[in-house]
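Residue numbers start from 1 in every chain, and the chains themselves are labelled A, B, ... in the order their sequence lines are given, proteins ahead of strands. What's counted below: heavy atoms across the whole structure, side chains too, no hydrogens, waters or symmetry copies.
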Amino acid sequence: MSNWRPVGPAADWTAMEERVLAFWHERDIFQRSIDDRKGADPYVFYEGPPTANGRPGSHHVLSRVFKDIFPRFHTMRGRYVERKAGWDCHGLPVELEVEKQLGISGKPEIEAYGIAEFNARCRESVGEYLEEWERLTDRIGFWVDTSQAYRTMDTDYVESVWWSLATLFDKGLVYESDKVVPYCPRCGTALSSHEVAQGYKDVVDPSIYVRFPLVDDPGTSLLVWTTTPWTLPANQAAAISPDTAYAVVEVDGERLVMAEALVAKVIGDDAVTLRTMPASELAGSAYEPPFGHIPGKHIVVMSDFVTTEDGTGIVHLAPAFGEDDMRAAREHGLDAPNPVDRQGLFTDAVPEAAGVFVKDADRQLITNLEGRGRVFREKPYEHSYPHCWRCSTPLLYYAKPSWYIRTTDVRDRMLELNEQVGWHPDHVKHGRFGRWLEGNVDWAISRERYWGTPLPFWRCDDCETVTAIGSFEMLRDRAVDKVPVSLDPHRPYVDEIPIRCGCGGVAHRVPEVADVWFDSGAMPFAQHHYPFEGEDGLAGHFPADFVCEALDQTRGWFYSLLAEGALLFDEAPYRNVVCLGLILDPEGQKMSKSKGNVVAPWSVLDHAGADAFRWYLFTAQSPWDSFRFSLDVVDETRRRFLFTLWNTYAFLATYASLPDGFTPGDPAPPAAERSEMDRWALSRLDATTQVVTDGLAGYDPTNAGRALESLIDDLSNWYVRTGRRRFWRNDDATDRAAAFATLHECLSTVALLLAPFCPFVADEMWGNLVAAHDPAAPESVHLADWPTAGGRRDEVLEQAMAAALEATTLGRSARKEAKLKVRQPLKEAVIACPPATARLLEGLSQVVAEELNVREVRFVTDAEGLVEVSLKPNYRTLGPRFGNEMPAVAQAVASLDATAAVRALDSGTTVEIEVNGATQMLADDDLLREVRPSEGYAVAEGGSLAVGLSTEITPELQMEGLARDLVRAIQSARRTADLKVEDRIHLHLDGSGRVREAIDAHRAYIAGEVLATELTVGHGLPFTPKYREDGEIDGEPVSIALALP
RNA sequence: GGGCGAUUAGCUCAGGUGGUUAGAGCGCAUCCCUGAUAAGGAUGAGGUCCCUGGUUCGAGUCCAGGAUCGCCCA
């Protein structure tokens, strides 16, 4: 009793996927796949939390399917793989979105609106697209538990983050410092270096060469170059390079001072150098500041950071607006006045531009300078300048107090830990990521914003001591007033909870919130509310075996995870990292809404389905390369791979379900006793199982997938195509059983191997191939164990099959050349090849004969005139032996009598050649043979063999060809008449004399092929036909009539 | 300006440790097959392997320099 479900064409792939999805939900397959492995060795996966306040795009599908494939694989391998989803909730992106919704902008307007209400809106906003994210996650088959998702805004999560910040504070790793930081005046907050990294843009700024007239040397000016004219009002000094020579040059009657090396570049050939001096001579000179309102020393100082790569070798110092400037100012005891407010507007200290945004003030400041004859030259300067990664406002470098984590303390440790991580691609370890770590600077973690984890630091109003609060319990203990039971640990509520300081005073929370990257870097412990819950701590949850994100996360999540892992646990938080490339449009341009080249994931899913989408992403190229993505490429994937797979599967299911078919478990000969084709298929299967296993274990789905694709191609286009007859109306029941058992095992195993890649079709196949027939088998492929290679690898056989394939290819080529169509049988094919190849091919000559439609395949390997032989040197063996004598060797080989040499080699002796006067012996291995049949055949040659076809068509062969044409015509008639494959018919034929002759000669063959239980010939129909047609074959009239018996 | 990566057919990509006809798919052209059929297959055209130099008997592959593109950083 067979339970085969009919398999139609792969027309509606998405409907199949929806069906499988429903099955998973109904039977709770995902949860069971985890629960089944409870107690097993855990395989830890961390979900890097996306922010769900926007629609998911195709690039999210990329990372989500890569996050899916390895956990699925390791689950099947027997590991316990929990998969907790997560959502990043805090941060500027969310605040900005809400600002947009509310139609407000900037901090003053937010505060006017009210922080409590504003944060409430933020909380709502992060869930806005949650439903779509979950729907997409489900539809692409990303198995992750969204019902237990961690959210960085949750009270428990925040408490864990507090614990970590307080721990670091108590270790002395947190400090507050006045530093020049990249600052977004619109958002009103400093940005961390990894945020700055995301916002570089090429812009054109005005650059000017400004005169700083020397006080003691009227008519002489320092020449200073700057690309930020707006910083000139805050000028405090001019810096020069201590190792550089400076020159006084005369230009158009004035004297200018600059680095000697830059004179030609800046002034040109007109410059007349009056004298040069060492930097030390220039140091200490006083000059007239560009703007006079802000007091300062306004002298020349020496500083190491000054170079002569561009500019004039004299740098204007505005300590409030540059990191180097600030350091130099400290060295030389200079002040750092800051005439710019938090919105980036000039204060009244700069009357020329009071109230103007600094970047907009450039023009009027330059005009002002020009009016006073201070501008030597102005030219637009194109450079890349950092912008706010969310709102695109140009960042200012700006001195202000910020909170820092002393990551530089663990820099070396992070480098050590990085050594333990398996990076994919591996060059990231010492390249992009390693170099980034080497240049580590302290992590600026404070943000003067609203929607984020509040820094758990309370500063005493009296003694200014800072206390770090590491838990809500501690907060309750220390709070001046009673803390509500349902505390929302966000602003403004925590701001309103003063605590008692040790000095007896009262402390208030500092106003800042934490960098969102600190939140996400805390997920290994915060997602489990560590250390507040459970005895086991992080056992089984740390470190991760595997994380995966886009390559740009080297400075983002990959870094924040490692930094927090090193600081808190002295351990690398992940063992393997897979980096993913960008999704680009077909022209290689970044997808962006403004360009209108975005491919929405839903359009791909609705049209091509999730399996095709996934397969494309896994196999198109290495994951870290960019994807030139379009619907077309996914569609091509589907046609090429999935349809081929489906056809093969449909073939098996269709024929197995016929009365003479097959039910899994039917007795079949052991693999070793099956035919060459079967053993070859099983050998290929075992080889592929090994490659796919190794590939996935090594985080290389690309080569694993490609190996699988090549197996499917072999099965479809060689094993099934050449073996179709074995499955249907094969009187040899043993052979039939062997064929079915082989193909069934191959496809069942393919379903297992494919399960992590294309979980839908894999489960669909599994259901029909395995689960439907075996009550003991898991009902879903995702509950099954990963297959192991069966040890049936036979490399000699695989080599032989490759030769057989080559022989058929060459034979077809020869047929084409001779214009002999394949349906016309020919007498023989002659395969000329070395004896070793012939031995390989002998067992497969039947297959070759059928493919080429020849009665006989003959091998010619000797040198008796049937073949022509030529010899070439085998460079691989001879090269190392003869080195630079190789040209002479090649010449000697060419002049050998090939026929005699081959005869000698075949009889086991060696061949002598003379190289530069010395006699050398060559063995069989040292010479490559090229053999081809002699005259009288249509020949095609390949690398190691040549195939000749006898071109003579005897009347007998012609009859046979005609009979085959007839069969084809009758089969076509059967189809037109809408008969079932297994319907028996009465058949009546008529035609010319030659046609009748062919029918007489091949009567049994024709009747057998077309399932005719009765075959009559001649005029006048002996029955009422169900269908009839008249036509021509090979120019001969033919009429066909058929009826059901 | 620095780091990392890439550059192979019209397009998308493969090409252990150097070895003498550089491969596949798509597209194109010409065909074949006909009970896997709303499929399948073959043959062919198409290549200065980015450029220049070097190492070597021999370089798509190794080395140096350069060009272009991308990402990251200053």
Side-chain angles (χ1 to χ4, degrees), chain A residues 7-11 193-194 196-198 200 307 309-310 383-386 425 427-428 430-436 438-439 550-552 554-555 581-582 584 586 588-590 616 619-622 624-630 632-633 635-637 639-641 643-644 646-655 702-703 706 709-710 713 716-717 720-721 724 727-729 808-809 811-817 819 821-823 851 872-880 882-890 928 940-943 967-969 971-972 974-975 979-983 1009-1011:
Chain A
V7 178
S193 49
H194 34 287
V196 175
Q198 300 195 23
Y200 275 84
T307 69
E309 271 170 19
D310 48 24
H383 61 148
S384 103
Y385 190 84
H427 61 73
V428 174
H430 297 124
R432 184 176 287 222
F433 195 64
R435 291 194 179 259
W436 158 258
E438 284 167 19
L551 199 48
D552 56 10
T554 38
R555 268 82 172 173
L582 274 72
L584 306 174
Q589 299 290 308
K590 219 168 177 170
Y616 164 76
T619 60
Q621 71 258 308
S622 293
W624 42 86
D625 287 335
S626 298
F627 291 78
R628 295 208 173 185
F629 183 68
S630 66
D632 284 349
V633 294
D635 212 39
E636 186 197 322
T637 290
R639 286 199 309 272
R640 192 185 67 235
F641 173 66
F643 283 8
T644 306
W646 189 268
N647 279 334
T648 312
Y649 157 66
F651 173 86
L652 174 66
T654 302
Y655 285 95
T702 312
N703 284 311
R706 286 173 177 173
E709 188 162 334
S710 137
D713 191 60
S716 170
N717 289 325
V720 170
R721 191 164 61 78
R724 269 175 295 198
F727 294 88
W728 186 48
R729 289 192 287 122
T808 51
T809 299
R812 286 195 195 103
S813 182
R815 259 189 188 272
K816 179 107 170 173
E817 193 70 24
K819 299 195 191 336
K821 62 179 179 175
V822 179
R823 220 182 305 141
E851 278 298 292
K872 283 183 125 184
N874 182 359
Y875 282 87
R876 204 182 275 273
T877 61
L878 297 177
F882 288 101
N884 60 13
E885 289 180 320
M886 277 308 289
V889 173
L928 299 176
E941 293 175 83
V967 167
R968 189 195 66 83
Q971 297 288 30
S972 171
R974 282 181 59 111
R975 289 174 56 84
L979 297 188
K980 287 197 204 113
V981 179
E982 68 271 25
D983 281 342
E1009 284 299 303
V1010 303
L1011 300 185

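The side chain to side chain contact (heavy atoms under 4.5 Å, CB included) check on A:Val720 picks up A:Thr648, A:Phe651, A:Arg724, A:Leu743, with sequence neighbours excluded. A:Arg640 is linked by a salt bridge (charged side-chain N to carboxylate O under 4.0 Å, His left out) to A:Glu636, A:Glu709, counting only residues two or more places apart in sequence or in another chain. A:His430 is linked by a side chain to side chain donor-acceptor pair (under 3.5 Å) to A:Glu419, counting only residues two or more places apart in sequence or in another chain. Listed by chain and number, the residues in a salt bridge (charged side-chain N to carboxylate O under 4.0 Å, His left out) with A:Arg876 amount to none (sequence neighbours excluded). In this structure, the side chain to side chain donor-acceptor pair (under 3.5 Å) partners of A:Glu1009, at least two apart in sequence or on a different chain, are A:Arg725. Under the salt bridge (charged side-chain N to carboxylate O under 4.0 Å, His left out) criterion, A:Asp632 pairs with no residue at all, not counting sequence neighbours. Here A:Arg968 pairs with nothing under the salt bridge (charged side-chain N to carboxylate O under 4.0 Å, His left out) rule; sequence neighbours left out.
Among the heavy atoms of the strands lying under 4.0 Å from A:Leu979 is at least one base atom, whether or not backbone atoms are also near. At a threshold of 4.0 angstrom between heavy atoms, the contacts of A:Gln621 are confined to the sugar-phosphate backbone, with no base atom among them. Residue-level contact check: A:Arg706 touches the backbone only, with heavy atoms under 4.0 Å from sugar-phosphate atoms and none from bases. Contact annotation for A:Lys980: base contact, defined as any heavy-atom pair under 4.0 Å involving a base atom. Among the atoms of the strands shown, none is found under 4.0 Å from any heavy atom of A:Phe882. Using a 4.0 Å heavy-atom distance criterion, A:Thr809 is classed as a sugar-phosphate-only contact. Base contact: A:Pro880 has a heavy atom under 4.0 Å from a base atom.
Residue A:Lys872 places at least one side-chain N or O under 4.0 Å from the OP1 or OP2 atom of B:U21.
Per the geometry, CG belonging to A:Asn703 stands 11 Å off P belonging to B:G16, to the nearest Å. For the pair A:Phe651 CZ and B:G41 P, the interatomic distance rounds to 14 Å; values are reported in whole Å. Following rounding to the nearest Å, A:Asn647 (CG) and B:C33 (C1') show an atom-to-atom distance of 15 Å. In this structure, A:Arg721 atom CZ and B:U34 atom C1' are separated by 13 Å, rounded to whole Å.
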Could you run down the sub-3.5 Å N/O contacts of the protein with nucleotides 28-32 of chain B?
from  : atom 1 : to       : atom 2 : distance (Å)
B:U30 : O2     : A:Lys816 : NZ     : 3.3

With 3.5 Å as the limit, what N/O pairs link the protein to nucleotides 60-67 of chain B?
none

Provide a list of protein-nucleic acid N or O atom pairs under 3.5 angstrom, restricted to nucleotides 23-27 of chain B.
from  : atom 1 : to       : atom 2 : distance (Å)
B:G25 : O2'    : A:Glu636 : OE2    : 3.0
B:C26 : O4'    : A:Glu636 : OE2    : 3.3

Give me the distances for all protein-to-nucleotides 3-5 of chain B N/O pairs that come in under 3.5 Å?
from : atom 1 : to       : atom 2 : distance (Å)
B:G3 : O2'    : A:Arg435 : NE     : 3.4
B:C4 : O2'    : A:His427 : ND1    : 3.2

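At a cut-off of 3.5 angstrom, counting only N and O atoms as typed in the model, there is no donor on one side facing an acceptor on the other between the side-chain of A:Ser626 and the base of B:A6.
Annotation: the span from A:Phe627 atom CZ to A:Leu582 atom CG amounts to 10.0 Å, rounded to 0.5 Å. Between atom CD of residue A:Gln971 and atom CG of residue A:Leu979 there is a gap of 10.0 Å, rounded to the nearest 0.5 Å. Here the NE2-CH2 distance, from A:His427 to A:Trp624, works out to 7.5 Å after rounding to the nearest 0.5 Å. Separating the CZ atom in A:Arg812 from the CZ atom in A:Arg815 is a distance of 10.0 Å, to the nearest 0.5 Å.
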(request) Treat a base pair as Watson-Crick or G-U wobble with both distances under 3.5 Å, then lay out RNA chain B in dot-bracket form, 5' to 3', with | for cross-strand pairs. (result) (((((((..((((.....[...)))).(((((.......))))).....(((((..]....)))))))))))).
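Out of B:G35, B:G41, B:U34, the shortest distance to the side chain of A:Arg968 is found at B:U34. Side chain of A:Ser622, nearest nucleotide from B:G35, B:A36, B:A14: B:A14. Residue A:Ser813 has its side chain nearest to B:U43 when only B:C13, B:A36, B:U43 are considered. In the set B:A36, B:G41, B:C57, B:A36 carries the atom at the smallest distance from any side-chain atom of A:Arg724.
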(request) Give the C-alpha distance, both sets of side-chain angles, the deciding distance and a yes or no for ring pair (Phe, Tyr, Trp, His ring centres under 6.0 Å) between A:Trp646 and A:Tyr649. (result) CA-CA 5 Å; A:Trp646 189 268; A:Tyr649 157 66; 5.1 Å; yes
